[in-house]
Undergrad: 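The structure is given below, and queries will be raised subsequently.
Atoms considered below: every heavy atom in the structure, side chains included; atoms not considered: hydrogens, waters and symmetry mates.
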Amino acid sequence: MQQFAKLNLTETDVLRLLRASALIARIEDAFRDRFSRVTIAPRQHLQVSGGTFLIMSCFDPTQPALGMKLITVRDHPSEIGRASCRERV
């Protein structure tokens, strides 16, 4: 099995490394070419202390590819002006 290194990018890194037009083209390609064969599991909702934990996953059986998005949505954000959810993709 192929091992992949974990990569953490800041918003600044993403803005520096990606061109919006190239990103949009890749997303369009993915929906056109891969969406029909990807299995998307129903979103899981778990009530946790202070909010809701969301789990969203998908799997492409033709590729060694599994994707997962984990989000905590807080009932009461701790700081005014901050987003009420934190994502990990």
Undergrad: Filter on side-chain hydrogen bond (donor to acceptor under 3.5 Å, both in side chains), then keep only pairs touching residues 17-28, sequence neighbours left out; what's left?
TA: none
Undergrad: How would you list, by chain and number, every residue that makes a side-chain hydrogen bond (donor to acceptor under 3.5 Å, both in side chains) with S57, sequence neighbours excluded?
TA: none
Undergrad: Are L54 and L70 close enough that some pair of their side-chain heavy atoms sits under 4.5 Å apart?
TA: no
Undergrad: Can you pull the ring-ring contact (aromatic ring centres under 6.0 Å, His included) pairs that have at least one residue in residues 9-30, sequence neighbours excluded?
TA: none
Undergrad: Taking ring-ring contact (aromatic ring centres under 6.0 Å, His included) as the definition, give me every residue that meets it alongside F59, ordered by chain and number, with sequence neighbours left out.
TA: none
Undergrad: Other than L18, which residues form its hydrophobic cluster under the rule that side-chain heavy atoms must be closer than 4.5 Å?
TA: L7, L9, V14, L17, L23, I27, F31, F35, V38, I40
Undergrad: Could you tell me which residues satisfy side-chain hydrogen bond (donor to acceptor under 3.5 Å, both in side chains) with D29, sequence neighbours excluded, listed by chain and number?
TA: R32
Undergrad: Any side-chain heavy-atom pair from M56 and I71 closer than 4.5 angstrom?
TA: yes
Undergrad: Please list all pairs meeting salt bridge (charged side-chain N to carboxylate O under 4.0 Å, His left out) that have one or both residues in residues 43-52, counting only residues at least two apart or in different chains.
TA: none
Undergrad: Kindly check if the number of other-residue, nucleotide or ligand heavy atoms within 6.0 Å of CD (Q63) is above 12?
TA: yes
Undergrad: Test of understanding: with side chain to side chain contact (heavy atoms under 4.5 Å, CB included), list the residues that count as partners of T10, not counting sequence neighbours.
TA: T12, D13
Undergrad: Checking Q47 now: which residues fulfil side-chain hydrogen bond (donor to acceptor under 3.5 Å, both in side chains) with it, not counting sequence neighbours?
TA: T52
Undergrad: What pairs of residues pass the salt bridge (charged side-chain N to carboxylate O under 4.0 Å, His left out) test when at least one of them lies in residues 55-65, not counting sequence neighbours?
TA: R34-D60, R37-D60
